[in-house]
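Take this structure, written in structure tokens, and hold onto it; I'll ask about it next.
Per chain, numbering begins at 1; letters A, B, ... match sequence-line order. All values below were derived from every heavy atom in this structure, side-chain atoms included, with hydrogens, water molecules and symmetry-related copies excluded.
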Amino acid sequence: MADYNHKSVESKWQEYWKTNDTFISKVDPAKPKYYALDMFPYPSGAGLHVGHPLGYIASDIVSRYKRIKGFNVLHPMGFDAFGLPAEQYAIETGQHPAITTEENIKRYKEQLENIGFSFDWSTEVQTCDPKFYKWTQWIFMQLFNSWYDYNTNKAASIESLISTFETEGNSNVNAACDDDIETFSADEWKAFSEQEKEQVLLQYRLTYLSDAVVNWCPAMGTVLANDEIKDGVSERGGHPVERKKMKQWMMRITAYADRLLTNLEHLDWSESMKEMQSNWIGKSKGCELDFKVADHDITLTAFTTRPDTIYGVTYLVLAPEHDLIQTLTTADQKEAVEAYVTEAKNRSERERMADVKSVSGVFTGSYVVNPFTGENVPLWIADYVLAGYGTGVVMAVPSSDDRDYRFATHFDLPVVLVIEGTEALEDPTEKKHGVMINSGILDGMKSADAIQKAIDHAVEKGFGKAKVNFKIRDAVFSRQRYWGEPVPVYFEDGIPKLIDEQDLPLALPNIDKYKPTETGEPPLGRATDWKYKGQYDYELTTMPGWAGSSWYFLRYMDAQNEDAFVSQEAVAYWKEVDLYIGGTEHATGHLLYSRFWNLFLYDRGFIKHEEPFQKLINQGMIQGRSSLVYRVNNTNQFVSHGLRKDYETTAIHVDISMVRNDVLDTEAFKQWRPDLADAEFILEDGKYVCGSEIEKMSKRYYNVVNPDDIVEKYGADTLRLYEMFLGPLEQFKPWNTNGIDGVAKFLRKSWSLFHDGQGNFNVSDEAATKEELKVIHKAIKKAEEDIERFSFNTSVSTFMICVNDLTALKCNKREVLEKLVVIVSPYAPHIAEELWQLLGNQESVIKATFPQFDESYLTEDTFEYPISINGKMRTKIHIAVDMPKEEVEKMVLEDETVMKWTEGKTPKKVIVVPKRIVNVVL
RNA sequence: GCCCAGGUGGUGGAAUUGGUAGACACGCAGGACUUAAAAUCCUGUGGGCAUUGCGCCCGUGCGGGUUCAAGUCCCGCCCUGGGUACCA
């Protein structure tokens with residue numbers, strides 16, 4: 001046996017795990033469960049880069065650790081396989097997206113297997129598999145058949161709503177529903193036609209059809225979510241996006257706004273993650289106040305969080321999209337208003353975002369009455385008011401709101417101060433809270449009290465009520481695309497109906513082209529012979545990418561089940577995900593939608609836990625280091641990094657495989673592209689030095705590092721250890737292999753511990769010395785603590801120290817080395833298996849138990865001595881064990897010195913505390 | 001603008017509740033082995049002053065503060081990364 005050979009060892013054990021089904025997990029009530037989950041990848045054509053496995057390695061370490069800690073671990077993997085790139089590719093090449101997707105998945109699986117993950121592939125899910133999306137469609141049907149009852153604060157079946165309608169109409173129903181529902185009695189309900197009834201019910205269902213203003217991307221022929229748009233253009237492809245009204249399936253996530261917010265409290269997520277979600281949900285408490293329009297029979301309702309400033313209202317503003325604008329505009333303002341409204345509507349999102357600072361608006365000519373003062377204030381229109389939030393009407397208080405102030409100053413509207421102390425300020429909005437002045441019945445009160453008083457007053461007089469507003473909007477669920485789950489709906493006389501559950505899955509039909517039809521219908525409009533029961537038209541839109549990913553974590557528990565999306569038994573055992581690892585970019589998308597669907601399924605009794613992800617860790621992105629060359633403008637000359645200031649240059653990304661230590665291989669560069677064949681170089685010190693940039697790892701920057709290459713050169717164990725060693729999991733960090741030799745060296749040293757100088761296995765059965773046991777128990781303790789707090793980088797250091805120490809002691813005792821193998825096995829499983837076998841074990845190291853930490857090996861020379869200082873602060877001091885406590889106390893009291901470390905022992909700390917403040921409690 | 005996270009040697013990063021700052025690793029320098037190289041091993045490595053005393057001074061973005069003691073807590077700034085975008 002020669003030196004450690006990672007290639008043969010790693011393939012041997014990967015084969016072993018596969019043939020022995022080592023990681024298959026079955027429900028086992030005798031054992032505690034642990035569910036460790038990664039956000040499943042979208043299988044893109046580019047394959048995995050070294051950033052992808054970062055989170056997978058972490059969750060794999062935890063999974064393997066939990067197994068040797070005696071847990072039954074569910075550690076699955078799957079693919080988020082519906083999506084735009086495959087479809088885009090299909091449009092370009094005519095190839096069915098299922099084929100490209102399958103190829104990509106195959107490649108991903110090979111790459112993943114190279115790294116030695118302990119995934120249970122028997123539970124694999126692919127969202128584009130009809131056996132999987134059958135249940136995505138099924139959940140859609142449950143949502144369609146449900147409504148949200150605010151009285152019980154949970155979702156209920158639509159039948160229960162119908163029976164309420166039949167007995168008492170809808171006046172007592174407190175539901176999450178469309179705003180403009182007319183009240184009806186039980187008799188009126190019964191008198192409705194079937195069609196009318198369906199129309200009414202659609203306004204209550206948790207998924208419903210609506211004329212929504214959507215972001216329509218003409219170039220892609222689809223609707224995009226707000227989070228799919230960056231800077232007014234599509235995130236993918238950068239195509240322009242316009243606003244357009246379309247019939248869309250919607251998800252009534254707003255019904256769950258409050259629970260999505262309050263449940264955050266109990267989740268073990270990072271503060272910033274919770275913050276992001278709660279900002280997105282955007283709960284604000286306030287009230288609605290009614291303003292009568294002077295000389296009209298119309299009342300406008302404004303939402304405000306600051307009713308206390310009502311006496312400072314100097315004008316009202318409507319959103320340009322407001323329905324009553326025409327009615328409320330006076331004849332002489334008509335022209336100006338029309339011009340303004342047209343302009344505001346035509347301004348694209350992009351333009352609106354570009355100039356947040358500019359102020360624009362127009363006077364309607366009408367006035368409204370301040371219900372508190374009875375005074376008239378002018379009614380304006382401005383695009384800083386959004387139609388979609390609150391009521392689309394804002395009561396403007398220039399003295400306490402920045403935008404109102406800017407607007408008022410711009411249009412010379414009056415500013416009435418309502419807070420004491422603002423007189424002295426140049427900009428009164430700098431002080432937003434304080435004692436009220438110029439405020440009639442609120443004078444002299446503090447803002448907080450005045451808010452309550454104002455609301456009470458408004459309620460009493462009947463012109464207002466307390467109201468909670470949310471920023472979060474219902475989610476658009478329709479995509480004008482092919483490569484997604486078909487919506488299991490057909491239309492009978494224009495009424496949407498669910499297909500029969502027996503007919504699920506509703507499979508994607510084959511079509512000739514993947515583009516929208518000539519008449520503008522979604523691609524599914526091209527399908528021939530695709531009608532429900534041969535006669536009714538199917539819904540032609542498909543579900544968005546987040547549909548499948550909103551529940552896939554439940555399917556892993558029982559992936560083969562053909563009778564239910566998950567069995568009650570499986571869900572009762574595996575419960576929620578114990579550890580979920582993935583990127584922050586899903587904060588307001590996937591993570592919110594999943595919580596929504598999970599809550600819904602919980603309400604309807606299909607699962608047993610309210611929240612899907614107990615503990616969430618967001619791994620940081622591994623960035624790439626791109627290399628740049630500098631082309632002298634209008635030439636084919638390239639100037640070295642250090643000399644580029646003397647020329648006018650353009651930086652060009654070059655493939656990092658042509659660059660070593662920032663020096664360009666000029667011959668390879670010339671052969672890279674035909675236009676570079678006659679490139680000339682201006683060198684410094686005889687070399688061409690490249691510039692560099694840290695940025696996202698991406699094909700287009702030529703900076704992608706493939707994990708396969710690292711595995712080939714150093715082995716999977718080294719890659720695993722190194723990715724962990726690179727720094728804290730959550731942190732963003734550039735990929736570099738500068739330190740990878742240190743980790744490789746660690747594995748070689750570990751291997752050497754088990755072998756003599758000639759490479760023969762050489763482990764002794766002699767009893768370990770005290771010193772040796774101390775070294776290993778220190779490592780056991782530290783390794784356990786580190787992994788429990790997900791500090792993987794420090795545990796790698798712990799192993800290195802342990803191996804260094806054992807090497808220095810020339811320790812080759814079985815008793816010690818066996819423990820070492822087990823604690824290192826989650827990180828470097830292949831070498832651990834090999835050593836475990838060499839030690840004479842028949843079974844996988846996965847079946848081992850984590851070594852029991854024994855305090856007594858560490859406490860031999862120190863113990864903890866707690867003292868309290870001034871009765872408030874407390875600290876624990878390690879003191880030498882051979883020093884009697886009495887002597888320590890004497891030292892504290894007499895010498896003003898708590899302790900001294902005995903020579904040569906660690907830690908050798910001397911803490912001097914004046915005796916007047918020391919009170920020994922032990 | 002607002003919200004969140006962070007700023008520690010030449011580099012990646014340790015320091016779990018306030019208690020030896022810089023663990024571990026890379027890099028670098030010197031040495032051993034070698035004809036030589038690779039590999040391996042040993043020594044040194046925050047800065048400055050001493051290096052005939054193994055000792056002294058400074059040091060965790062900047063400026064203050066609390067404390068016997070601050071990288072850690074408080075106040076005020078600066079910078080970097082992330083989120084968000086007129087939310088009344």
Lys NZ or Arg CZ of A:R473 over A:W280 ring: under 6.0 Å, within 45°: no

From B:C4, B:U16, B:A14, nucleotide with atom closest to A:S272 side chain: B:C4

B:C33: pairing nucleotide in any strand, Watson-Crick or G-U under 3.5 angstrom: none

A:L289/A:T304 under side chain to side chain contact (heavy atoms under 4.5 Å, CB included): CA gap, chis, key distance, verdict: CA-CA 8 Å; A:L289 294 175; A:T304 179; 4.2 Å; yes

Separation of B:C86 P from A:W380 CH2 (nearest whole Å): 21 Å

Euclidean distance, atom NZ of residue A:K733 to atom C1' of B:C26 [Å, nearest integer]: 16 Å

Closest nucleotide among B:C41, B:C86, B:C4 to the A:L386 side chain: B:C86

Minimum-distance nucleotide (side-chain atoms of A:R748 versus B:A85, B:U40, B:C26): B:U40

A:F725 side chain, from C-beta outward: closest of B:C24, B:A14, B:C87: B:C24

A:H590 and A:H586 aromatic ring geometry - parallel, tilted or perpendicular at 30°/60° bounds: perpendicular

A:T794 side chain, from C-beta outward: closest of B:A14, B:C86, B:C41: B:A14

Integer angstrom distance from the P of B:G44 to that of B:A36: 26 Å

Criterion side chain to side chain contact (heavy atoms under 4.5 Å, CB included) on A:F470 and A:D258, from CA distance to verdict: CA-CA 9 Å; A:F470 291 95; A:D258 219 6; 3.9 Å; yes

Pair partner, B:G6 [Watson-Crick or wobble, under 3.5 Å]: B:C79

A:K471 side chain, from C-beta outward: closest of B:A23, B:C87, B:U84: B:C87

Closest to the A:T305 side chain, choosing from B:A88, B:C24, B:U84: B:A88

Any A:N793 side-chain nitrogen or oxygen under 4.0 Å from OP1 or OP2 of B:A14: yes

Minimum-distance nucleotide (side-chain atoms of A:N279 versus B:G13, B:A88, B:C3): B:C3

Residue matched to B:G12 through Watson-Crick or wobble contacts both under 3.5 angstrom: B:C24

Syn/anti label of B:G65 as read from its glycosidic torsion, with the cut at 90° from 0: anti

